[in-house]
Each structure stands twice: as C-alpha cells, then as structure tokens.
Amino acid sequence: MNLHIFNPEHDIALACNKKRFTAPHAAQELRMSIGWIPALWASDGDMVLVDDVAFAIKAAAKCKEKKAEVLFVSDADLSGIRFDCVMPWGWDRAVKTRLVDDGVPAELMPSDNVMEHLRLLSSRVQTKSALKHLREGLEGTCGEAFSTNDISLIKDSVASGNHIVIKSPWSSSGRGVRYVERSITPSVKGFIRNVIHEQGEVMVEPYYNKVKDFGMEFEAMSDGSVAYRGLSLFLTHNGAYTGNLLAHEDEKAEMLSRYVAPQLIEEIKTRACRYFANRFKGIYQGPFGVDMMIVASGDESNGFLLHPCVEINLRRTMGHVALALTPEVASPHRLMHIDHEVNYLMRVSPIENPFVKVI
C-alpha cells in the first residue's frame with residue numbers, strides 16, 4: 001500500500017527552498033480541487049492524501065476516466081497508519097516537513113542530504129550537461145545553454161545581436177523566464193539581479209523559432225536503470241501548461257515524424273535513458289520528464305530541428321497523467337486539460353482534427 005500526494009506547488013517550493021512556506025493561492029486552489037488525481041495512476045488499495053476528504057470523493061466521482069479504488073485521507077488520518085512507500089508529485093523540503101508533522105516515518109522519505117541533491121538535479125542548470133550528452137555528434141538537433149552570475153556577459157550577448165531567453169534556475173511553469181531581443185530593459189535587468197541574488201545565477205539560452213512542444217516521460221527504477229514510459233504532446237500558453245493529447249503511442253510518434261525522422265527520436269530516447277540512469281542512480285527513484293521541442297531551422301533543405309532538452313522535470317508531470325489515460329489501441333483523439341470555473345477541473349474532451357489543433 002502506497003501513499004500518494006498531489007503537491008502542484010512543488011516547483012515553487014524548490015525555488016523557495018524552505019521547510020515551511022505559504023503556496024500561492026492558485027496553487028492551493030489547484031491542490032484542493034484536483035488533489036484526487038493520483039487515483040488515475042495509483043493501485044487499488046493505495047491512499048491519497050488530500051486537503052478535504054469529502055471534497056475529493058465528490059470531485060473524483062465526476063471524472064469518467066478509469067480510477068483505482070483508493071482511500072482518500074487527510075493529514076489528521078495519517079498518524080499510526082503504515083504504508084510501504086510515499087509518492088508525492090515531487091519531493092521538496094515543504095512536502096517532507098508536512099509529512100514529518102503528520103508522523104510519517106523518516107525512513108519512507110529521502111534524507112536531508114538526498115533532498116538537497118534532488119533540488120540541485122531539478123535546476124534548469126542541469127540542461128547544459130544534458131544537451132551536451134544528448135546532442136553529441138548527432139545531426140538534426142539544436143540546443144545550447146550557459147549559466148552566469150555576470151550580467152555583463154548577458155549584455156555582451158545581446159549587443160552581438162542575439163535574441164536570447166533568460167531563465168531562473170528554479171521557478172514554476174510559465175514563470176522565471178524573460179525574452180530579450182534588442183536590449184535589456186530595466187525590468188529585465190531587475191529580474192536578472194534578483195535571481196542572481198536569490199539563486200546564485202541565471203540560465204541564458206538562444207531563442208528558437210518553436211514549432212511544437214513535446215516531451216518524453218521516464219521513470220527512474222530501483223535498480224538504477226531508467227525506463228521510457230511514452231511521448232507527451234502538450235499545449236502551452238505563455239509558457240504555462242494548458243493540455244495534453246490522449247492518443248496511442250504509435251499515433252503520437254507518427255505526428256512527430258512529420259517533422260523529424262523517427263530514428264532521431266529513438267536515438268534521443270536511448271541516450272536519455274542512459275544519461276539519466278547515470279545521473280540519478282542512488283539518488284532518485286520515481287517518474288520524471290524531459291521537455292523538448294521541434295524548431296524551425298530556417299534552412300529550407302533541412303526544415304526542422306529537434307531540441308532534446310528544454311527542461312528536466314524531476315517529478316511526475318501532466319505527461320505522466322496523460323499516459324495513465326492513454327488508450328491501448330487506436331481510438332478517437334482526446335485532449336486532457338485543466339479548466340477553471342468555480343474550482344479547477346480536469347476535463348477530457350474530444351478533438352476533431354488533432355493535427356491542426358494539437359500538433
């Protein structure tokens with residue numbers, strides 16, 4: 001029996017890096033509204049920690065997708081309950097403190113030393129090394145990045161006519177990113193200085209003409225290996241997640257093949273499994289995802305390039321949630337998305353033309 005926790009404030013908690021912090025209202029509302037979603041990937045008999053048990057039972061009942069027979073529990077219920085494993089959306093100091101306060105045994109959670117390693121491995125700075133290994137000697141790819149705490153290097157890059165993207169090492173989806181084309185505005189300069197002061201450095205990357213977001217979902221196993229779980233074709237708006245395509249794996253692969261060769265996708269998959277197994281062995285066990293993108297090359301003879309590591313998400317992702325709902329056989333495509341009405345709702349809607357609307 002496992003204990004699952006949906007803590008969507010995880011990325012913000014990593015940036016804050018405190019044992020106790022108050023999550024933004026939107027994150028609290030999201031956790032309250034769809035805290036039941038681990039039932040989509042849990043096993044029968046597992047428990048799901050939620051803010052309000054009665055609300056979770058009612059919200060989960062509205063979802064028509066297949067769910068496990070789980071027991072929803074509150075923090076007050078955990079004292080004295082024994083389970084085999086704790087599986088949060090992502091590990092951070094705040095969620096560990098919450099569990100410690102609830103009386104969860106320390107041996108079921110990462111040590112403080114491992115927690116710090118996990119935070120470092122969750123930094124956007126990790127994309128530098130990953131890009132080097134994933135792209136080495138491989139044509140048809142793009143992607144580079146460097147980190148710095150010297151704002152003059154960023155000014156020099158902009159002065160050379162480069163269109164760049166500046167990112168904080170830790171931030172939530174859609175935040176902590178600034179685009180710079182012709183000059184560094186006072187607002188962006190202030191952002192850079194604040195991030196360097198609080199997090200020690202910023203990431204600097206070229207701006208690419210993105211055609212399509214996608215990702216690969218993986219799981220770090222107990223034996224130190226990494227297992228590939230599937231493709232994630234998703235939508236974003238201003239950098240924030242808006243939805244995932246639900247389609248058979250073969251169909252998703254065929255969609256990507258319209259841009260880049262299937263052999264290239266397979267090679268990146270193989271390299272990623274090998275690289276992240278070496279990085280995570282003995283430190284992390286659980287789901288993670290690598291965000292990627294298809295880029296217009298500007299070369300008519302080549303057409304498109306594959307950027308194999310935009311970001312590493314050392315946690316469960318919405319791509320993993322989508323895979324839990326992916327049909328085993330070809331069927332009409334659907335879109336999994338999060339809507340906000342009175343509360344946040346997870347919906348699955350039909351798609352008439354997935355190529356036009358999603359890919």
Side-chain angles (χ1 to χ4, degrees), residues 37 40-41 65 89 127 130-131 133-135 138 140-143 173 208 210-221 225-236 239 241-277 280 286-296 303-338 346 348-351 353-359:
I37 66 168
L40 296 174
W41 62 83
E65 304 302 319
W89 184 258
T127 60
L131 281 168
H133 287 82
L134 295 176
R135 293 191 59 208
L138 198 57
T141 66
C142 66
S173 177
Y208 293 101
K210 180 177 68 177
V211 174
K212 179 68 189 101
D213 286 307
F214 78 101
M216 291 185 183
E217 308 302 338
F218 303 90
E219 184 173 358
M221 310 303 288
S225 65
V226 164
Y228 172 73
R229 294 306 186 203
L231 288 169
S232 170
L233 303 187
F234 58 92
L235 300 173
T236 60
Y241 170 85
T242 58
N244 255 90
L245 174 69
L246 301 185
H248 190 266
E249 281 300 300
D250 290 344
E251 295 175 296
K252 289 184 286 186
E254 192 277 331
M255 290 178 183
L256 289 180
S257 72
R258 306 179 192 190
Y259 298 94
V260 296
Q263 296 89 339
L264 181 58
I265 296 290
E266 287 297 317
E267 178 63 22
I268 291 297
K269 179 199 307 183
T270 300
R271 291 187 180 199
C273 286
R274 184 169 58 244
Y275 172 75
F276 290 110
F280 298 161
F288 69 97
V290 181
D291 290 346
M292 306 180 183
M293 63 182 174
I294 304 296
V295 171
F304 303 100
L305 299 172
L306 169 60
H307 190 309
C309 187
V310 177
E311 195 160 310
I312 303 163
N313 297 302
L314 195 60
R315 54 169 171 77
R316 192 175 295 275
T317 70
M318 283 298 177
H320 283 277
V321 181
L323 289 175
L325 301 176
T326 294
E328 295 182 359
V329 297
S331 60
H333 298 156
R334 298 179 297 162
L335 183 70
M336 183 194 79
H337 53 111
I338 306 296
M346 193 198 81
V348 176
S349 306
I351 304 174
N353 190 334
F355 182 81
V356 173
K357 294 186 178 182
V358 178
I359 189 75

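Numbers here simply count residues along the sequence, with the first being 1.
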A.B. asks: Does the side chain of L40 reach to within under 4.5 Å of the side chain of M346, using non-hydrogen atoms?
C.D. replies: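 The answer is yes; the side chains approach within 4.5 Å.
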A.B. asks: Give me the atom names and distance for the closest heavy-atom approach of M255 to L245.
C.D. replies: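 Smallest heavy-atom distance, with atoms named: SD-CD2, 3.7 Å.
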A.B. asks: Looking only at heavy atoms, what is the nearest atom pair of A130 and I312, with distance?
C.D. replies: CB-CD1, 4.2 Å
A.B. asks: Looking at K212 and F234, would you say the former's side chain and the latter's main chain have a donor-acceptor pair under 3.5 Å?
C.D. replies: yes
A.B. asks: Can you tell me how far the SG atom of C309 sits from the CE atom of M293, to the nearest 0.5 Å?
C.D. replies: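 Those atoms lie 10.5 Å apart.
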A.B. asks: For side-chain contact (heavy atoms from CB on, under 4.5 Å), just list the numbers for S232 and L323, CA-CA rounded to whole Å, side-chain angles, deciding distance to a tenth of an Å, and then say yes or no.
C.D. replies: CA-CA 8 Å; S232 170; L323 289 175; over 6 Å; no
A.B. asks: Identify the two heavy atoms, one from P308 and one from I268, that lie closest to each other, and give their separation to 0.1 Å.
C.D. replies: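 Scanning both residues completely, I find the closest heavy atoms to be CB-CD1, 3.8 Å.
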A.B. asks: Of all the heavy-atom pairs spanning A220 and V226, show the shortest one and how long it is.
C.D. replies: CA-CG2, 4.3 Å
A.B. asks: To the nearest 0.5 Å, tell me how far F288 CZ sits from E217 CD.
C.D. replies: 9.5 Å
A.B. asks: Does Y208 use its side chain to pair, donor to acceptor, with the backbone of G143 at less than 3.5 Å?
C.D. replies: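 Side chain of Y208 to backbone of G143: a pair is present.
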A.B. asks: For the atom pair NE2 (H320) and CZ (R229), what is the distance rounded to the nearest 0.5 Å?
C.D. replies: 8.5 Å
A.B. asks: For E249 and T326, does a side-chain donor sit closer than 3.5 Å to a side-chain acceptor?
C.D. replies: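 Note: E249 and T326 side chains miss the donor-acceptor criterion.
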A.B. asks: Applying side-chain contact (heavy atoms from CB on, under 4.5 Å) to L306 and I294, what does each step give before you reach the verdict?
C.D. replies: CA-CA 5 Å; L306 169 60; I294 304 296; 4.2 Å; yes
A.B. asks: Would you sort out whether H333 and L233 count as a side-chain contact (heavy atoms from CB on, under 4.5 Å), showing the intermediate values?
C.D. replies: CA-CA 12 Å; H333 298 156; L233 303 187; over 6 Å; no
A.B. asks: Quick one: are V290 and Y275 in side-chain contact, heavy atoms under 4.5 Å?
C.D. replies: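 No, side chains not in contact.
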A.B. asks: Let me confirm one number: the CZ-CZ distance from F218 to F280, rounded to the nearest 0.5 Å.
C.D. replies: 10.0 Å
A.B. asks: Might you point out which heavy atoms bring L246 and V348 nearest each other, and give the distance in Å?
C.D. replies: CD1-CG1, 3.7 Å
A.B. asks: Take L235 and H337 through the test side-chain contact (heavy atoms from CB on, under 4.5 Å) and record every step on the way to the result.
C.D. replies: CA-CA 9 Å; L235 300 173; H337 53 111; over 6 Å; no
A.B. asks: How many angstroms lie between atom NE2 of H133 and atom CG of L138, to the nearest 0.5 angstrom?
C.D. replies: 14.0 Å
A.B. asks: Please check if the side chain of R135 supplies one atom and the backbone of T141 the other of a donor-acceptor pair under 3.5 Å.
C.D. replies: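 Side chain of R135 to backbone of T141, a donor-acceptor pair under 3.5 Å: yes, one is there.
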A.B. asks: Between the main-chain N or O of P287 and the side-chain N or O of R316, is there a donor-acceptor pair closer than 3.5 Å?
C.D. replies: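 Judged by distance alone, no pair lies under 3.5 Å.
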A.B. asks: Which atom names give the shortest non-hydrogen contact between V321 and M336, and what distance separates them?
C.D. replies: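 Closest approach of V321 to M336, heavy atoms only: CG1-SD, 3.7 Å.
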A.B. asks: Could you state the interatomic distance from CZ (F304) to CG (L256), rounded to the nearest 0.5 Å?
C.D. replies: 12.0 Å
